[in-house]
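Input: a single structure, listed below in C-alpha cells.
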Amino acid sequence: MPLPSSSKDPKPAMEEKHSKHGFHSGKDINIVVAGMKGVGKSALTVRYLTRRFIGDYDSEMEAVYTHNTVLDGKSLTVHILDTAWQGDGTEIKEDQILWADAIVLVYSITDRTSFEKLREIADFVLSKRSDETKLVMTLVSNKCDLIHMQKVSEVEVTQFCAEYNCLFFEASASESSASVLNAFNGTCRQVRLTNRKREKLLRFMSNPAVAAKLQIRNSLKSLTEMKWRSRAPTM
Ligand SMILES: Nc1nc2c(ncn2[C@@H]2O[C@H](COP(=O)(O)OP(=O)(O)OP(=O)(O)O)[C@@H](O)[C@H]2O)c(=O)[nH]1
C-alpha cells in the first residue's frame, strides 16, 4: 500500500541518514504514532531514529520517516508516520489506519487527559479495521523520567491493555534510548509475529484437504440449521 498522505514530505536529511545502509527486507513495517499534543510523539520517533533527544519540534507538522535497520538478525525497513495532534478527531485518517501494521498510542504520564484521549483514538482506529487484517496496537507511557508527577495508575494501564489487546512499554524520550528502542522493537516484533501467524493460517486454509473438510462442515451446519428451522413452531 502506498505511504499515507502527509502534510510534509519526510525530512530529506533524515531519510538519507536512515537509508544509508541500503538493505531491504522486502517486508516493510508501517507504524503510526498517535496521541495528544505534547505527549512526546516526535521526541520518541526522533530518539528511535537518531538515538538523540531533541527538545522542540514543529507541532503542526506530520511526517513520515523511513528507517532501515536489523532486528533479531533480520533486515527490516520501518516507515513511521508521526501524526500531528489537531484536537478535532482528524489526526489519523482512514487511509493511514489501513496503511498501518501497528499503531503506537502514546500518552504522557504527567497528563491524565492524554491517557483518556487514547480510548477515543483506539476506538476510532478499530472501527476502521476488520478482524482479518490484524492490527498491532501498543501503548507507550512517555516521560517516565517525571515519575514524581505521575497521573495514571498501573491498574488503569492494565485495564486499557486488556481491553484493547495492547502491548505496553514505558519510555522516556528525554532520558533513555534503550526504553524507546524497546518500545519500537517490541512493536515490530509483534507485527512480525502477527504476520507469521496470519501466513500460517492462510497456508493451512489453502490446503485442499482442509478446504474440503471445512466445506463439508459448513454444509452439515446449514443442513442442521434448516432442519431445526423447519421443526420450529410457526406463530
Ligand atoms: N521530561 C520529558 N519531556 C519530554 C519527553 N518527551 C518529550 N518531552 C517534551 O515534551 C514536549 C512535547 O514533545 P513533542 O515530541 O513535540 O510532542 P508531540 O506529541 O510530538 O506533540 P505535537 O507534535 O504537538 O502533537 C517537548 O517540550 C519535549 O521536549 C520525555 O520523555 N521527558
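Remember, it's 1-based here, ligands and their atoms both numbered in the order they're listed. Treat the numbers as computed from the prediction; the structure is a model and nothing was measured.
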(message) Evaluate Phe115 against Phe160 for ring pair (Phe, Tyr, Trp, His ring centres under 6.0 Å), listing each step before the verdict.
(response) CA-CA 10 Å; Phe115 176 71; Phe160 185 97; 5.6 Å; yes
(request) Between Asp145 and ligand 1, find which residue part has any heavy-atom pair under 4.0 Å and reply side chain, backbone, both or neither. (result) side chain
(message) Taking 4.0 Å as the limit for heavy-atom contacts, which would you say applies to Leu44 with ligand 1: side chain only, backbone only, both, or neither?
(response) neither
Is there side-chain contact between [X] and [Y], with heavy atoms separated by less than 4.5 Å?
| X | Y | answer |
| --- | --- | --- |
| Ile29 | His79 | no |
| Val104 | Phe169 | no |
| Val46 | Arg52 | no |

Under 4.0 Å from any heavy atom of [X], which atoms of ligand 1 are there?
| X | answer |
| --- | --- |
| Ala43 | 6 (N), 7 (C), 15 (O) |
| Met36 | 19 (O) |
| Trp85 | 25 (O) |

(request) Would you please say whether a donor-acceptor pair under 3.5 Å links the side chains of Asn68 and Thr77? (result) yes
(message) Could you tell me if Asn195 and Arg192 have a donor-acceptor pair between their side chains, going purely by distance under 3.5 Å?
(response) no
(message) So is Glu175 touching ligand 1 or not, going by heavy atoms under 4.0 Å?
(response) no
(request) Assess Ser172 for proximity to ligand 1: is some non-hydrogen atom of it under 4.0 Å away? (result) yes
For ligand 1 and [X], I'd like to know whether there is a polar contact (N/O to N/O, distance under 3.5 Å).
| X | result |
| --- | --- |
| Ala171 | no |
| Thr83 | no |
| Gly38 | yes |
| Phe53 | no |
| Lys41 | yes |
| Leu146 | no |
| Ala84 | no |

(request) Look up atom OG in Ser172 and atom CZ in Phe53, then write down how far apart they are to the nearest 0.5 Å. (result) 7.5 Å
(request) Take atom CD of Glu163 as the centre, draw a 6.0 Å sphere, and report whether it contains more than 12 heavy atoms from other residues, nucleotides or ligands. (result) yes
(request) State whether the side chain of Thr187 and the backbone N or O of Ala183 hold a donor-acceptor pair below 3.5 Å, judged by distance alone. (result) yes
